[in-house]
Amino acid sequence: MASKGILYIIISGPENYQRATEGLRMAEYQTGEGTHGVALMLQGEGVEWLREGEEEYRNNIQTSIGVIHELGAPVFTCGASINEKGLTASMKDYKFTNSSAPKRISQVVSKGWQLAIF
């Protein structure tokens, strides 16, 4: 059975920004192709990308998240992670959907989607 889509889960934060960058590059490319369902979830340390900062890698990652969102892929943030970090489900002018990570993951798997965790 072919996959109906893919949920990219970014759990890597600033301590491992290279891993987060690779996952977001893949998600951005696949979203731009428009041939597969793509969604993005920021969870755990991955919600730290919503925080403002001047680092070049942070700006690059935030740009990728914005492009994925603008190309029409839904971007979710884990509600528990957001609360733990004292953040909101937003970044600059973008507002994302706050969601329960276990519930969202269960939903996409039951619909035949794959998971990619970075």
Side-chain angles (χ1 to χ4, degrees):
M1 177 171 93
S3 173
K4 296 180 181 180
I6 186 162
L7 174 63
Y8 286 90
I9 303 171
I10 305 298
I11 60 172
S12 299
E15 296 293 319
N16 198 358
Y17 68 89
Q18 298 96 337
R19 184 174 172 91
T21 298
E22 290 305 316
L24 287 165
R25 281 184 188 153
M26 292 174 61
E28 186 177 343
Y29 177 76
Q30 194 170 11
T31 303
E33 286 286 301
T35 57
H36 302 286
V38 175
L40 177 66
M41 172 161 279
L42 303 176
Q43 182 180 355
E45 295 298 316
V47 300
E48 288 288 340
W49 299 117
L50 302 177
R51 196 177 300 279
E52 290 185 31
E54 296 301 319
E55 307 93 342
E56 183 176 346
Y57 64 83
R58 179 180 302 278
N59 292 329
N60 291 339
I61 286 175
Q62 289 182 346
T63 297
S64 288
I65 294 169
V67 168
I68 292 164
H69 184 67
E70 288 178 9
L71 288 171
V75 177
F76 303 102
T77 59
C78 173
S81 299
I82 289 288
N83 291 337
E84 285 174 8
K85 305 290 183 182
L87 297 168
T88 61
S90 62
M91 178 187 76
K92 300 179 183 175
D93 293 334
Y94 299 107
K95 304 279 187 243
F96 306 121
T97 303
N98 207 0
S99 180
S100 163
K103 182 178 178 181
R104 185 65 57 192
I105 292 167
S106 178
Q107 288 172 339
V108 299
V109 168
S110 71
K111 292 180 180 182
W113 283 40
Q114 295 179 349
L115 304 176
I117 302 170
F118 291 90

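Note that the structure is a prediction, hence the values are computed from the model and not measured.
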Going by the rule side chain to side chain contact (heavy atoms under 4.5 Å, CB included), which residues pair with S90 if we only count those two or more places apart in sequence or in a different chain?
T88, K95
Do N60 and L24 pass the side-chain contact (heavy atoms from CB on, under 4.5 Å) test, and can you show the C-alpha distance, the side-chain angles, and the key distance before you say yes or no?
CA-CA 10 Å; N60 291 339; L24 287 165; over 6 Å; no
Residues forming a ring pair (Phe, Tyr, Trp, His ring centres under 6.0 Å) with Y29, sequence neighbours excluded
none
Residue pairs passing the salt bridge (charged side-chain N to carboxylate O under 4.0 Å, His left out) test with at least one member in residues 57-73, sequence neighbours excluded, are E55-R58
Under 3.5 Å donor-acceptor, T63 side chain and N59 backbone
yes
Gap separating the CE atom of M41 from the CZ atom of R104, nearest 0.5 angstrom:
6.0 Å
Begin from the C-alpha positions of Y94 and I65 and carry the test side-chain contact (heavy atoms from CB on, under 4.5 Å) through to its verdict.
CA-CA 9 Å; Y94 299 107; I65 294 169; over 6 Å; no
Take atom CD in Q18; do more than 12 heavy atoms of anything else shown fall under 6.0 Å from it?
yes
Who passes salt bridge (Lys or Arg N to Asp or Glu O under 4.0 Å) against E45, sequence neighbours left out?
K85
Who are the salt bridge (Lys or Arg N to Asp or Glu O under 4.0 Å) partners of R51, not counting sequence neighbours?
E48
Under a single-linkage definition using a 4.5 Å side-chain heavy-atom cutoff for Ile, Leu, Val, Met, Phe, Trp and Tyr, are L87 and L42 assigned to the same hydrophobic cluster?
yes
Atom of I61, atom of A20 and distance for their closest heavy-atom approach
CD1-CB, 4.1 Å
Indicate yes or no: at least one non-hydrogen side-chain atom of M91 is less than 4.5 angstrom from one of F96.
yes
Would I117 and W113 show up in the same hydrophobic cluster when neighbours are defined by side-chain heavy atoms closer than 4.5 Å?
yes
Is there a path of hydrophobic side-chain contacts, each under 4.5 Å between heavy atoms of I/L/V/M/F/W/Y residues, joining V38 to L115?
no
Residues 6-17 side chain polar contacts: donor-acceptor under 3.5 Å, at least two apart:
residue	atom	partner	partner atom	Å
Y8	OH	Q30	OE1	2.6
S12	OG	F118	O	3.3

With side-chain contact (heavy atoms from CB on, under 4.5 Å) as the test, would you mind laying out the steps for I105 and Q43 before giving the verdict?
CA-CA 11 Å; I105 292 167; Q43 182 180 355; 4.2 Å; yes
Would you tabulate the side-chain donor-acceptor contacts of residues 72-84 under 3.5 Å, counting partners in other chains and residues two or more places apart, or write 'none'?
residue	atom	partner	partner atom	Å
T77	OG1	N98	OD1	3.4
S81	OG	G44	N	2.8
N83	ND2	G79	O	3.3

For T21, which residues count as a side chain to side chain donor-acceptor pair (under 3.5 Å) partner, sequence neighbours excluded?
none
Show which residues join V67 in its hydrophobic cluster (side-chain heavy-atom contacts under 4.5 Å, direct or indirect), or state none.
L71
Checking E22 now: which residues fulfil side chain to side chain contact (heavy atoms under 4.5 Å, CB included) with it, not counting sequence neighbours?
R25
